[in-house]
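To keep things clear, I will list the structure first and then write my remarks on it.
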Amino acid sequence: VDSDYIDDDEYIEQLIFAAELAVENHIQTKLDDLEDEDGEIPYTIKQAIIMLVAQWYANREPVSFVYANTIPFSIDYLLQPYKNYDMTVQ
């Protein structure tokens with residue numbers, strides 16, 4: 001890892017922001033509402049965000065010409081316990 005390489009930092013920050021919004025939309029709950037007393041969100045949600053960022057960073061094109069693989073299943077698995085099915089609560 002080259003700690004002096006900062007060219008992608010802004011792009012990665014944008015990916016993190018987008019991943020956090022995507023997770024909030026998926027579970028229909030604000031991440032702030034899931035914070036513990038130390039201001040931390042559950043580790044499984046952090047992991048889902050990291051996986052999304054890594055996937056989007058590594059695969060910047062919307063299609064793959066090699067294999068058609070679905071990554072979101074593992075993300076769905078991590079987020080499923082936090083999904084809010086009560087559409088009246090936001």
Side-chain angles (χ1 to χ4, degrees):
V1 175
D2 183 359
S3 61
D4 293 329
Y5 182 77
I6 58 170
D7 293 351
D8 287 346
D9 287 2
E10 184 177 338
Y11 178 62
I12 293 169
E13 287 176 17
Q14 293 170 357
L15 291 177
I16 292 168
F17 181 72
E20 289 172 346
L21 289 177
V23 166
E24 285 183 342
N25 288 334
H26 183 81
I27 64 175
Q28 299 175 6
T29 302
K30 295 285 185 190
L31 294 179
D32 293 342
D33 295 341
L34 298 173
E35 289 180 354
D36 62 16
E37 58 276 353
D38 296 323
E40 296 290 326
I41 59 174
Y43 184 76
T44 51
I45 291 180
K46 283 184 188 180
Q47 185 62 36
I49 292 167
I50 291 167
M51 290 171 68
L52 281 173
V53 170
Q55 174 68 17
W56 293 341
Y57 184 81
N59 300 293
R60 299 176 191 202
E61 298 297 324
V63 295
S64 171
F65 297 104
V66 180
Y67 299 105
N69 293 324
T70 302
I71 301 298
F73 174 73
S74 54
I75 294 167
D76 288 339
Y77 183 79
L78 292 170
L79 297 177
Q80 185 62 35
Y82 301 97
K83 183 131 179 149
N84 178 7
Y85 290 99
D86 183 0
M87 298 303 289
T88 61
V89 178
Q90 294 291 328

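All values derive from a computational prediction rather than experimental measurement.
The backbone N or O of His26 lies less than 3.5 Å from a partner atom in the side chain of Lys83, making a donor-acceptor pair. Listed for the Thr29 side chain is a donor-acceptor partner under 3.5 Å among the backbone atoms of Ile27. With Asp36 contributing its side chain and Asp38 its backbone, the two residues share a donor-acceptor pair below 3.5 Å.
Distance check: Leu34 CG to Glu24 CD gives 8.5 Å after rounding to the nearest 0.5 Å. Note that CD1 of Ile45 is 10.5 Å distant from CD of Glu35, once rounded to the nearest 0.5 Å. Atom CD of Glu20 is separated from atom CG of Asp32 by 9.5 Å, given to the nearest 0.5 angstrom.
Among all heavy-atom pairs drawn from Leu52 and Ala22, the shortest one is CD1-CB, 4.3 Å.
Val53 and Phe17 fall into different hydrophobic clusters, where Ile, Leu, Val, Met, Phe, Trp and Tyr residues are linked whenever their side-chain heavy atoms come under 4.5 Å apart, directly or through other members. Cluster annotation: Trp56 and Ile50 are assigned to distinct hydrophobic clusters (Ile/Leu/Val/Met/Phe/Trp/Tyr, side-chain heavy-atom contacts under 4.5 Å, transitive). Ile49 and Leu21 fall into different hydrophobic clusters, where Ile, Leu, Val, Met, Phe, Trp and Tyr side chains are chained together by heavy-atom contacts under 4.5 Å.
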Open item on the list: Pair Thr44, Leu79 - check side-chain contact (heavy atoms from CB on, under 4.5 Å), show working.
Closed with: CA-CA 7 Å; Thr44 51; Leu79 297 177; over 6 Å; no
Open item on the list: Test side-chain contact (heavy atoms from CB on, under 4.5 Å) on Ile75 and Gln55; report intermediate values, then the result.
Closed with: CA-CA 11 Å; Ile75 294 167; Gln55 174 68 17; 5.9 Å; no
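In Tyr11, the OH atom is crowded: over 12 heavy atoms of neighbouring residues, nucleotides or ligands sit closer than 6.0 Å.
Legend: residues meeting side-chain hydrogen bond (donor to acceptor under 3.5 Å, both in side chains) with Gln47, ordered by chain and number and at least two apart, are Tyr43.
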